[in-house]
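Just below is one structure, and these are the notes that go with it.
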Amino acid sequence: MPELPEVESVREGLERLLKGRRITEAIVLWDRIIAEPKEINQFKNEIKDQIIHSIDRRGKFLLFNLTDFVLISHLRMEGKYRIEKSNSSISKHTHVIFKLDSGEELRYLDVRKFGRMSLVSYKAIAKHPSLIKLGPEPIKEALTIEALSQALKKRKKTIKATLLDQSVVAGIGNIYADEILFNAKIHPSRKANTLTKSELSRLTYSILEIIDKAVKAGGTTIRTYENVFGELGNYQSNLKVYGRTGLPCVRCQTIIEKIKVAQRGTHLCPNCQKLTSEG
DNA sequence: GTCCTTTCCTGACAGC
DNA sequence: TGCTGTCAGGAAAGGA
């Protein structure tokens, strides 16, 4: 399930392989993947002959900067891009095909069909609802203790749910939320607006630290993630709590538990992450 | 504004 | 073996 580090790895690969390429035709095999424009034919007409100038990322969104439009793409759970020869067989999970002037094809695959793409004008991109509400990127230039404290002040829901809220910090998903809270020694069910100063400090530091390390490792491969080159991420060997249910905590040997918070599977060490403040 | 629930989807797996 | 039910989960939409 791609979160910021995985999307960044995909972005780097796509930009390396696609910069300067022209899209000669788009084939849509599953209409619902295309969120905008509503008319699939409009999507196909507008993207035809667009040149891929660069690829950016904002939170978990990929932004293909084309000649006249920006293609906003979200991989959700299992979306992935592959560049394949045009005569290679099309797998059953391929939903969108972009034919390129190189003779190759950029193919979008997605087992669960959760991913979405929107083609919008440069004028509309600044006001796009998916992007406009995103919080700061989890990098030290954008995310400070003060900014995060301010954002959490009014949040009465759990810190786990709050970290998954893209309007608070952009790019954190279920895996890194668990890792961040474990690192910061904060119980996932703590209410966001009850964190102490030192907890806010640890939380900010943990967000920056864990995301940075995961980006450098090329992301985490759980189940199916791979980048454009078919390479797996390396961060899974660094996971301290996610997916370690029943195993001893790396810090204190207490058995890691899995509970449900905000309807999400949530891993924690009940000893390191106490529900009372200053765990 | 904030929070909560539902929806979208398929594959894996448990249980019978 | 084959069926049914449950679970996994990011974002958006709609309701409270």
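Every chain is numbered from 1 and lettered A, B, ... according to where its sequence line falls, protein lines coming before strand lines.
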How close or far is atom [atom2] of [N] from atom [atom1] of [X], stated in whole angstroms?
X	N	atom1	atom2	value
Lys191(A)	dC4(B)	NZ	P	7 Å
Met117(A)	dC8(B)	CE	C1'	16 Å
Arg32(A)	dA13(C)	CZ	C1'	12 Å
Leu75(A)	dG10(C)	CG	C1'	11 Å
Ile175(A)	dG9(C)	CD1	P	8 Å
His93(A)	dT10(B)	NE2	C1'	8 Å
Lys80(A)	dT10(B)	NZ	P	15 Å
Met77(A)	dA12(B)	CE	C1'	14 Å

[X] side chain N/O closer than 4.0 Å to the phosphate oxygens (OP1, OP2) of [N]?
X	N	value
Tyr242(A)	dG9(C)	yes
Ser130(A)	dA11(C)	no
Arg116(A)	dC8(B)	no
Gln263(A)	dC4(B)	no
His74(A)	dA12(C)	no

Problem - Nearest-nucleotide comparison on DNA chain B, the residue closer to the 5′ end among Arg76(A) and Lys92(A) - result: Arg76(A)
Handout entry: Check: Arg112(A) side chain, dA8(C) base, donor-acceptor under 3.5 Å
Key = yes
Fill in the blank from the handout: Residues joined to Leu131(A) in its hydrophobic cluster, side chain to side chain under 4.5 Å directly or through other members, sorted by chain and number, are Phe61(A), Leu63(A), Val70(A), Ile72(A), Val120(A), Tyr122(A), Ile125(A), Leu134(A)
Problem - Short N-O contact, Lys160(A) and Asp178(A), less than 4.0 angstrom - result: yes
Handout entry: Option passing salt bridge (Lys or Arg N to Asp or Glu O under 4.0 Å) with Glu105(A) (candidates Lys99(A), Lys85(A), Arg21(A), Arg82(A))
Key = Lys99(A)
Handout entry: More than 12 heavy atoms of other groups within 6.0 Å of Glu39(A) CD
Key = no
Handout entry: Separation between CD1 of Ile210(A) and CG of Leu4(A), rounded to the nearest 0.5 Å
Key = 13.5 Å
Exercise for the section: Check whether any side-chain N or O of Asp110(A) sits under 3.5 Å from a backbone N or O of Gly115(A) as a donor-acceptor pair, and report yes or no. Expected result: yes
Problem - Ile55(A) backbone acceptor or donor facing Arg11(A) side chain under 3.5 Å - result: yes
Exercise for the section: Look at all strands and tell whether Gly115(A) reaches a base, only sugar-phosphate, or nothing, counting heavy atoms closer than 4.0 Å. Expected result: nothing
Handout entry: Toward the 5' end of DNA chain C, by each residue's nearest nucleotide, Pro129(A) or Phe114(A)
Key = Phe114(A)
Fill in the blank from the handout: What residues 147-161 of chain A contributes to the DNA chain B interface at heavy-atom separation below 4.0 Å is Lys154(A), Arg155(A), Lys156(A), Lys157(A)
